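Okay, so here's the structure we're looking at.
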Amino acid sequence: MEEVQSYEARDIQVLEGLEAVRRRPGMYIGSTDVRGLHHLVYEVVDNSIDEALAGACDRIEISIHPDGSVTVVDNGRGIPVEIHEQTGRSALEVVHTILHSGAKFGAGGYKVASGLHGVGVSAVNALSEWLEVEVKRDGKLYTQRYERGLPVTPVKAIGKAKGTGTKTTFLPDSEIIQTFDYKFDALVQRFREMAFLTRGLTIHFLDERDEREMSFYFEGGITSFVRYLNKNRTALHAPIHVEKRVDSAMVEAAIQYTDGYSESVYAFANNINTVDGGTHLTGFRSALTRTLNDYARKNSLLKDNEPNFTGEDTREGLTAILSVKLTDPQFESQTKARLGNAEIKGQVESVLSEALSRFLEENPRSAKAIIEKCLTASRARVAARHARDLVIRRSALESSTLPGKLADCSERDPAKCEIYIVEGDSAGGSAKQGRDRHFQAILPLRGKILNTERARLDRILKNKEIQALISALGAGIGDQFDLSGLRYHRVIVMTDADVDGAHIRTLLLTFLFRYMEPLIENGHLFIAQPPLYRIESKRKVYYVYTEAERERLLKKLDDSKVSLQRYKGLGEMNPDQLWETTMDPEKRTLLQVVIEDAAAADRTFDMLMGSSVPPRKRFVQTHAKEVRNLDV
Ligand code: 0RA
């Protein structure tokens, strides 16, 4: 028998717990900025999700009120209100006042013990100016109110109730939480993800600040998730779905190959997006590689003289969701987003191997399409390696044979040299005439550069424009890229200030990001900023680079006669103007391109947008540093 705690002992425990949370909120909710604010909401919603996972709830409603308070309602069994033996107080009060007590009363066997969430509603309570909870149970409506974590009313029955459920409303404490500026889109992404991961659950979200609302319900669960991710892609077969319990773990996966080249596999453990992967993902991958190789060999789709598919070959064009639920998840890595449980690897591997081989046997046409996709990927990988070796060998030989269209500079010290990559011949001509040929080289590129996100390396490397670019820069490509060969320490992309220019710039940046990443990492890549307008007034000429600048200037010149010219392309500027406005180190503005790790907060962005940019990192232009008047 457990001892009944004295009231005094328990009160001390509550006060110490609350104080710990309020003194070091970051330890419990990560931060006190907007992410911490959202964390409070997720924490409360997660408790209702647990109730849904236990099969006891199929509807959750979340509302943000204009004053910054939030309400979460579910139709679960209702948090128990009866006296909790160990403490002699209502269970409802205990889960709201004692840290980590939630798990003991947790609805399902899969309560998240650690990781991103799972600190319990008591932490939310401690960080709220006030919190009110209502429980419908046994035909009665119970309620209790807390302020900064402490009960200010007893748990009391205030009337009759139909049905069961829990309703929590809280106002974050402005003494601790720095902002009440909830981001609708971020919350929506998360709620959509939760709804995908919990088949049959309806999540309704209302933002009363501007009356926006969204509702999510997916009959197909993670199969719907995969369809959603593939909605702009061409699928090779109907999604494969498996769900199976192994010992105490639950393994679920949905898989669908497309005709694309990128891999979109997202792994979850207890509904947490494990962006750093882990043992469950390792098991998933080995099942895929092993099963597809076995099937292809057995059916002579792989010839005796052909090598096995590599893991990469089996993941090209693959979209999949892997979701595991375990009783005691171990989260590792700095961001706690990698699963460490050793036993789950084999469990996932066996569930998947069995399901996938059964699917292949029962669906020979789909099987053929998948194996053919792997074969193409495998052959392309070999071809790409040959092509790359060739280009690298050639570009090594060719440091003397620079591309014909390159107008090189006379300076030989790379630290002093820069190269302008210019779209189109007419702009290239102006740039060649306008430049300072001592240290500025010009490489005009013609036509649309290949979309390197979609094309394979072997095709990219056959493209003449790309070959010219690689040779001119002199540093190779891919994992053979060597910065010490770089012939210019400033690589400047100069395109028109219109939609086409922006498109070409994106294609170029994508290529450089994927195949010459160290160039960006080491701060060698820049974007030129040509002016948008030329404004002349009283014989004075002004160049204007933004719309805001134009408005300011026009206001200033209000009463004088003004002539305004909009530059649609670089080609409209004569060489002198191009030099003066865009290329002269004394006067120009360059944007430096930097790479930023996609923040944990928006890690679902790429995934939910179905974007093919690798999810962990991406180049950012918008956050680019402004570099004025670089010393030359
Ligand atoms: C413990 C036991 C039972 C339900 C819950 C907790 C519960 C917790 C939360 C948190 C938010 N909504 C919730 N709904 C239920 C089951 C008690 C029983 O057997 O009736």
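Quick caveat: nothing in here was measured; it's all calculated off a predicted structure. No hydrogens, no waters, no symmetry mates; every other heavy atom, side chains included, goes into these values.
Between Asn273 and Glu193, the side chains place no donor N or O within less than 3.5 Å of an acceptor N or O (distance only, hydrogens not considered). Asn341 and Gln330 share no donor-acceptor pair across their side chains, judged by distance under 3.5 Å alone. Side-chain contact, Thr314 with Arg285: no donor N or O sits under 3.5 Å from an acceptor N or O. Between the side chains of Thr310 and Asp313, at least one donor N or O sits under 3.5 Å from an acceptor N or O. Inspection of the Gln256 and His237 side chains reveals no N or O donor paired with an N or O acceptor under 3.5 Å.
Between Arg233 and Asp259 there is no salt bridge, since no side-chain N of the basic residue sits under 4.0 Å from a carboxylate O of the acidic one. A salt bridge links Glu252 and Arg199; the closest N-O separation between the charged side-chain nitrogens and carboxylate oxygens is under 4.0 Å. Electrostatic pairing of Arg23 and Glu16 does not count as a salt bridge here, judged by no charged N lying under 4.0 Å from a carboxylate O.
Looking at every heavy atom in both residues, Val21 comes nearest to Ala123 through CG1-O, 3.9 Å. Contact record, Glu349 with Ser286: OE1-OG, 3.6 Å, taken as the closest heavy-atom pair. In terms of heavy atoms, Lys373 sits closest to Thr258 at CE-O, 3.4 Å. Closest approach of Ala254 and Val226 over heavy atoms only: O-CG2, 3.5 Å. Arg22 and Ala126 make their closest contact through NH1-O, 2.9 Å (heavy atoms, listed as atom of the first residue, atom of the second, distance). Nearest approach of Ile520 to Val593, heavy atoms of both residues: CG2-O, 3.5 Å.
Test Asp185, Thr179, Asp181 against Lys183 for side chain to side chain donor-acceptor pair (under 3.5 Å) and you get one pass: Asp181. Partner of His84 under the side-chain contact (heavy atoms from CB on, under 4.5 Å) criterion, chosen from Val94, Val95, Ile98: Val94.
Ser48 contributes atom OG, which lies 8.0 Å from atom CD1 of Ile62 (distance to the nearest 0.5 angstrom). Residue Leu525 holds its CG atom at 8.5 Å from CD of Gln592, rounded to the nearest 0.5 Å. Atom CD in Gln189 sits 13.5 Å away from atom CE in Met194 (nearest 0.5 Å). With values rounded to the nearest 0.5 angstrom, Thr202 atom OG1 is found 9.5 Å from Ile60 atom CD1. Between the NE2 atom in His524 and the CE atom in Met516 there is a gap of 12.5 Å [rounded to 0.5 Å].
A heavy-atom distance below 4.5 Å is found between the side chains of Trp130 and Thr169. Residues Val324 and Leu339 have side chains in contact (heavy-atom distance under 4.5 Å, counting atoms from C-beta outward). Annotation: side chain of Glu61 is not in contact with side chain of Ile203 (no heavy-atom distance under 4.5 Å). Residues Phe481 and Glu517 are not in side-chain contact: their nearest non-hydrogen atoms beyond the backbone lie 4.5 Å or more apart. In this structure the side chain of Tyr266 never reaches within 4.5 angstrom of the side chain of Thr319, judged on heavy atoms. Side-chain atoms of Tyr295 and Ser357, non-hydrogen and from C-beta on, never get closer than 4.5 Å to each other. With contacts defined as side-chain heavy-atom distances shorter than 4.5 Å, the pair His39/Arg35 does not qualify. Here the side chains of Asp74 and Cys57 are in contact, with some heavy-atom distance below 4.5 Å.
Using a 30° and 60° split on the angle between ring planes, Phe196 and Tyr228 fall in the tilted class, from 30° to 60°.
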Go through it in stages, so that I can follow the logic: the residues are Gln178 and Thr32, the test is side chain to side chain donor-acceptor pair (under 3.5 Å), and I'd like the CA-CA distance, side-chain angles, deciding distance and then a yes or no.
CA-CA 6 Å; Gln178 298 154 9; Thr32 55; 2.7 Å; yes
Would Lys244 and Glu354 count as a salt bridge (charged side-chain N to carboxylate O under 4.0 Å, His left out) here? Give the steps.
CA-CA 11 Å; Lys244 202 171 170 193; Glu354 192 196 311; 3.4 Å; yes
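Within a 6.0 Å radius of CD in Glu312, no more than 12 heavy atoms belonging to other residues, nucleotides or ligands are found. By the 6.0 Å contact criterion, CZ on Arg212 is enclosed, its count of non-hydrogen atoms from other residues, nucleotides or ligands being greater than 12.
With sequence neighbours excluded, the residues satisfying side chain to side chain contact (heavy atoms under 4.5 Å, CB included) with Met214 are Phe184, Val188, Arg192, Phe216.
Both cation-pi conditions hold for Arg190 and Tyr42: the charged atom is under 6.0 angstrom from the six-membered ring centre and inside a 45 degree cone around its axis.
The backbone N or O of Cys374 sits nowhere less than 3.5 Å from a side-chain atom of Ser378 that would complete a donor-acceptor pair.
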